[in-house]
Amino acid sequence: MFNFAARREQDGAKGPPDQRAYVVGDIHGRLDLLDQLLGRIHIELKQRPAGNTVLAFVGDLIDRGPNSAQVIERLRTYRHRGVRPVFILGNHEEVLLRILGGEAELITKWCWFGGRQCLESYGVEVERLTGLDGAAALAVIREAIPTLHVEFLESFVDSCRFGDYLFVHAGIRPGVELAAQLQSDLRWIREPFLFDDTDHGFVVVHGHTISERVEERPNRIGIDTGAYQSGILTALAIENGERWYIDTRELAGAGHSRTD
């Protein structure tokens with residue numbers, strides 16, 4: 001069973017008419033949880049069909065968990081009738097792309113915060129990199145990661161607007177117009193965004209900062225529930241004036257509940 005709760009919005013935020021969105025938090029190499037969550041989303045779409053559906057991923061598909069390569073391949077080849085996937089670039093994908101672009105000096109630090117597990121999922125013996133100079137280590141990484149995966153990551157966007165919601169990886173810089181936001185903030189920001197009460201003109205849905213449960217504030221919703229360590233991968237669903245959550249939390253006897 002899965003955790004499902006829906007309610008009519010009190011803050012007035014709505015999605016576009018007659019469209020539904022599912023926004024998935026940071027996966028971090030947990031293919032098992034991704035497959036569970038997609039299965040639950042597909043069940044819901046079968047039980048309650050939606051005409052037009054956006055399936056957005058807020059980034060950090062890779063690193064930390066054991067199956068980065070497999071997550072990338074699963075999503076690169078993802079197809080489901082009536083569903084349009086949108087992929088947002090996270091800071092972990094940014095670092096990998098920067099390394100592949102030639103910034104070999106980032107390799108050691110990347111391995112410290114999850115890159116080691118990513119490389120292992122591509123079959124790299126990370127110990128091989130020890131003692132290699134930057135150019136040689138970079139050559140090993142470039143050889144291991146398929147071009148199709150690199151091209152897929154390079155196709156990711158920085159944000160996605162959905163009615164009164166904005167989907168990003170990390171957040172936005174308060175007081176700065178959306179068109180003027182820096183990529184570095186969209187992918188990396190924490191302060192001052194997390195504790196700022198500014199009305200941005202939309203509700204920001206983001207990952208990047210882990211919380212035990214979904215964090216709802218008037219101007220933002222944080223959906224990174226630390227899947228790689230907690231086993232809980234969360235998706236926010238939005239349809240017209242309602243929103244609800246689906247996750248991989250196992251709740252004995254859990255079912256559907258809706259309040260209007």
Exercise. Could you label the plane-to-plane angle of the Tyr78 and His80 rings as parallel, tilted or perpendicular, counting under 30° as parallel and over 60° as perpendicular?
Key: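 Taking His80 first and then Tyr78, their aromatic rings lie parallel (interplane angle under 30°).
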
Quiz prompt | Parallel, tilted or perpendicular: rings of His149 and Tyr122 (30°, 60°) | solution =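 If you compare the ring of Tyr122 with that of His149, the planes turn out perpendicular.
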
Quiz item: Checking side-chain contact (heavy atoms from CB on, under 4.5 Å) against Ile189, which of Arg173, Gln181, His208 comes through?
Solution: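 With Ile189 as partner, side-chain contact (heavy atoms from CB on, under 4.5 Å) holds for just one option, Arg173.
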
Quiz item: So among Asp60, Asp158, Val157, which one has a side-chain contact (heavy atoms from CB on, under 4.5 Å) with Ile88?
Solution: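 Answer to the side-chain contact (heavy atoms from CB on, under 4.5 Å) test with Ile88 among Asp60, Asp158, Val157: Val157.
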
Quiz prompt | Sidechain-backbone polar pair: Asn219 side chain, Thr198 backbone, donor-acceptor under 3.5 Å | solution =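 Between the backbone of Thr198 and the side chain of Asn219 there is a qualifying donor-acceptor contact (under 3.5 Å).
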
Self-check item: Glu93 side-chain N/O to Gly90 backbone N/O, donor-acceptor pair under 3.5 Å
Solution: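 Indeed, once roles are kept as given, a pair shorter than 3.5 Å links the two residues.
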
Quiz prompt | Heavy atoms of other groups near Glu127 CD, more than 12 under 6.0 Å | solution =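 Correct, the count exceeds 12.
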
Quiz item: How about Arg190: does its CZ atom have over 12 heavy atoms from other parts shown lying under 6.0 Å from it?
Solution: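 More than 12 heavy atoms, drawn from other residues, nucleotides or ligands, come within 6.0 Å of this atom.
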
Name the atoms and distances for all side-chain donor-acceptor pairs under 3.5 Å in residues 133-148, with sequence neighbours left out.
| unit_1 | atom_1 | unit_2 | atom_2 | d |
| --- | --- | --- | --- | --- |
| Asp133 | OD1 | Ala135 | N | 3.3 |
| Asp133 | OD1 | Ala136 | N | 2.8 |
| Arg142 | NE | Leu100 | O | 3.0 |
| Arg142 | NH2 | Leu100 | O | 2.9 |

Exercise. State whether Arg40 and Glu44 are salt-bridged, where the test is any N-O pair (Lys NZ or Arg NE/NH1/NH2 against Asp/Glu carboxylate O) under 4.0 Å.
Key: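 Here Arg40 does not pair with Glu44 in a salt bridge, since their nearest N and O are not under 4.0 Å apart.
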
Quiz item: Taking NZ, NE, NH1 and NH2 as the nitrogens, is one of them in Asp197 or Arg217 under 4.0 Å from a carboxylate oxygen of the other?
Solution: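 Result for this pair is yes, salt bridge flagged.
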
Practice problem: Keeping to residues at least two apart or across chains, list the ring pair (Phe, Tyr, Trp, His ring centres under 6.0 Å) pairs with something in residues 55-77. | Solution: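 Residue pairs passing ring pair (Phe, Tyr, Trp, His ring centres under 6.0 Å), neighbours aside: Phe57-Phe87.
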
Over all heavy atoms of both residues, which pair between [X] and [Y] is shortest? Give the atoms and the distance, please.
X: Ser121; Y: Gln70; answer: O-NE2, 3.5 Å
X: Leu61; Y: Val71; answer: O-CG1, 3.8 Å
X: Phe167; Y: Ala21; answer: CZ-CB, 4.1 Å
X: Arg213; Y: Ser211; answer: O-OG, 2.6 Å

Practice problem: Output the distance between atom CD1 (Ile223) and atom CD (Glu216), rounded to the nearest 0.5 Å. | Solution: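 It is 11.0 Å, given to the nearest 0.5 Å.
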
Quiz item: What distance do Leu182 atom CG and Ile172 atom CD1 have between them, rounded to the nearest 0.5 Å?
Solution: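 Answer for the CG-CD1 pair, Leu182 versus Ile172, is 12.0 Å.
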
Pair up each side-chain donor or acceptor in residues 225-238 with any protein partner under 3.5 Å, not counting sequence neighbours, and list the distances.
| unit_1 | atom_1 | unit_2 | atom_2 | d |
| --- | --- | --- | --- | --- |
| Thr225 | OG1 | Ile232 | O | 2.8 |
| Thr225 | OG1 | Thr234 | OG1 | 2.8 |
| Ser230 | OG | Thr225 | O | 2.7 |
| Ser230 | OG | Gly226 | O | 2.9 |
| Ser230 | OG | Ile232 | N | 3.0 |

Exercise. Determine, using the 4.5 Å side-chain heavy-atom cutoff (strictly less than), whether Leu186 and Phe202 are members of one ILVMFWY cluster.
Key: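 In one cluster with Leu186: Phe202, yes.
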
